[in-house]
Structures are given as C-alpha cells and as structure tokens.
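Both counts, for ligands and for their atoms, begin at 1 and track the order of listing.
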Amino acid sequence: MSGDASQVLITEPEIQRRLSELGAEISRDYEGKDLVVVGVLTGAALFVSDLIRTITVPMELEFVAVSSYGQATNSSGEVRLVKDVGHPVRGKHVLVAEDIVDTGLTLRYLLDSLSARQPASVSTCVLLDKPSRRKVEVPVAYRGFVIEDRFVVGYGLDYAGRYRNLPYIAVLQSSPE
Ligand code: IMP
C-alpha cells in the first residue's frame, strides 16, 4: 500500500504553540526537582527535541527505544526494550515523553520498567492521545492533543518508516498503487 499524507490534522504552528504551553506547565511543576526527560525513540525524537527547548528548569535528557509496530498499523501487543537509558534514574523525577498513546501498551510497559528502578516519581507527557483505542490504563499527565481513531503520520510519526520528516501531523489515507 502507498499512502497520501496531504490531509493536515495539526499544523506546525499549532504544534509549537501547544509545546510552549506544555513546557511552561512542566517547568512550573518540576521547579527545584531533579528532572530527567526520557524520550521514546524513534517517533518522539522530534517532539522531545522541540519540547525540551520550551522547558526552562534544569533537566537531563535520555532516550529509550522499544520494539515498534513494524510495517503494520495495528499493535501486536508485544513491547520490548531495545535501548535503555544511559544513566540510573534512581531518586530522580522521570518524565516519559512519547509521540502517541494508542492502546497504552508501550507506555504501560515503560512506566512499569522505569518505576522498578526507584525514581522519585514517574510521569508521562504525550503529544497525541487516541483514547478510543486504549487497551490498558495509563496515566497521562501532560497531553498535547486528543485525536480520533485515525492513523496519523508526520512530526516523528511514521508509516512503514516514512513521513517522519513532515513538520505537521497528517491523516494517512491509503491510495491505489
Ligand atoms: P501503543 O503501545 O498502542 O499505545 O502504541 C504506541 C506506539 O504505536 C506509538 O509510539 C507509535 O509508534 C505507534 N502508533 C500508534 N498509533 C499510531 C499512528 O496513528 N501513527 C503512527 N504510529 C502510531
């Protein structure tokens, strides 16, 4: 299948404006705390790098990578950590930054994994939330946008490895080969 990503759902200025609001909230909440932002590769790479530039309190940046959807648009339900944080998070305030929460399986797995290392706290920040697809409960502390059950690409999100470079979020529509 090839795709068409011409239907823009969230524009670049809308994303950046929302990130400034999230950054201000995060900065207020983590004032005086030892903050580590943990970005989830690869999808959240663009989101995290823009988000942290709106955070004004001292912080550290780490990345983890989990096994992804591969080339399908449905979750297999299997999550595997393929890259861990580079430094211990014990005693620190961890904020997991994910591109999208869909079934919730990825975030649930990461929260469980990171919570087991005795951080001072673990919280989550997601750019997009698709609540209608949730299979497991996950707390979302900071949320960019709530979207309907559509497959979206751009701004880090991919379909079969493509479209990550779009500066906006678009709905992927299938088109004939
Ligand atoms: P979850 O574990 O089902 O919550 O899925 C999280 C992961 O699925 C995200 O990090 C994305 O990689 C992928 N994903 C879910 N929905 C979409 C979508 O609409 N577009 C692109 N990737 C998606």
Side-chain angles (χ1 to χ4, degrees), residues 1-12 14-16 18-19 22 26 36-52 61-86 89 94-116 122-175:
M1 183 183 91
S2 64
D4 167 11
S6 59
Q7 191 192 326
V8 178
L9 187 66
I10 308 170
T11 65
E12 191 175 1
E14 282 169 344
I15 295 171
Q16 298 306 332
R18 188 72 187 110
L19 293 196
L22 291 177
I26 292 166
V36 186
V37 174
V38 177
V40 185
L41 293 172
T42 303
L46 281 71
F47 167 48
V48 175
S49 54
D50 282 346
L51 176 72
I52 65 167
L61 176 63
E62 292 276 355
F63 284 102
V64 291
V66 290
S67 59
S68 76
Y69 276 10
Q71 308 229 327
T73 54
N74 272 312
S75 175
S76 60
E78 200 181 299
V79 183
R80 199 164 48 92
L81 194 64
V82 293
K83 184 217 172 298
D84 205 347
V85 288
V89 296
V94 173
L95 181 62
V96 180
E98 172 67 310
D99 52 3
I100 186 166
V101 56
D102 188 25
T103 63
L105 289 164
T106 308
L107 217 44
R108 177 79 271 155
Y109 171 84
L110 284 171
L111 287 177
D112 291 348
S113 167
L114 291 163
S115 300
V122 188
S123 198
T124 56
C125 178
V126 304
L127 177 65
L128 303 174
D129 186 358
K130 266 196 225 178
S132 60
R133 297 248 316 158
R134 206 71 94 251
K135 284 187 183 159
V136 291
E137 271 294 296
V138 275
V140 177
Y142 307 93
R143 176 185 285 106
F145 304 90
V146 174
I147 62 166
E148 288 174 15
D149 183 13
R150 318 285 294 276
F151 196 82
V152 290
V153 293
Y155 197 65
L157 289 152
D158 76 309
Y159 172 70
R162 289 176 56 204
Y163 304 109
R164 291 195 199 276
N165 56 315
L166 299 178
Y168 48 83
I169 306 228
V171 175
L172 186 73
Q173 292 159 313
S174 55
S175 58

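For the atom pair CG of L110 and CG of L81, the computed distance is 6.5 Å after rounding to the nearest 0.5 Å. Atom-to-atom distance recorded for I15:CD1 and L19:CG is 7.5 Å, nearest 0.5 angstrom.
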Acceptor/donor pairs from residues 122-129 side chains to any protein atom, 3.5 angstrom cut, sequence neighbours excluded:
unit_1	atom_1	unit_2	atom_2	d
T124	OG1	P139	O	2.5
T124	OG1	A141	N	3.3
D129	OD1	R134	NH1	3.2
D129	OD1	R134	NH2	2.8
D129	OD2	R134	NH2	3.4
D129	OD2	R143	NE	2.7
D129	OD2	R143	NH2	3.2

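The contact set between ligand 1 and T106, taken as ligand atoms under 4.0 Å from a residue heavy atom, comprises 1 (P), 2 (O), 5 (O), 6 (C). In summary, the atoms of ligand 1 found under 4.0 Å from a heavy atom of D158, numbered by their order in the structure, are 21 (C). Residue L105 has at least one heavy-atom neighbour below 4.0 Å for each of these atoms of ligand 1: 2 (O), 4 (O). When each atom of ligand 1 is checked for a heavy atom of K130 under 4.0 Å away, the hits are 16 (N), 17 (C), 18 (C), 19 (O). The distance from ligand 1 to the heavy atoms of E98 drops below 4.0 Å at these ligand atoms: 10 (O). Atoms of ligand 1 found under 4.0 Å from any heavy atom of L157, numbered from 1 in the order shown, are 21 (C), 22 (N).
Distance alone, capped at 3.5 Å, is enough to place a donor-acceptor pair between the R18 side chain and the G144 backbone. For the pair K83 (side chain) and F63 (backbone), a donor-acceptor distance under 3.5 Å is present.
Distances shorter than 4.0 angstrom do not occur between any heavy atom of R133 and any atom of ligand 1. Using a 4.0 angstrom heavy-atom cutoff, V153 does not count as in contact with ligand 1. Under the 4.0 angstrom criterion for non-hydrogen atoms, G43 is not in contact with ligand 1.
Within 6.0 Å of CD on Q7 lie more than 12 heavy atoms contributed by other residues, nucleotides or ligands.
Contacts between R150 and ligand 1, counted as non-hydrogen atom pairs separated by less than 4.0 Å, involve the backbone only.
Scanning for salt bridge (charged side-chain N to carboxylate O under 4.0 Å, His left out) contacts around R150 gives an empty result, with sequence neighbours left out.
Exactly one of N165, D50, D99 qualifies for a side-chain hydrogen bond (donor to acceptor under 3.5 Å, both in side chains) with Y155. That residue is D50.
Comparing heavy-atom distances from atom 23 (C) of ligand 1 across V79, D129, T103, I100 singles out I100 as nearest.
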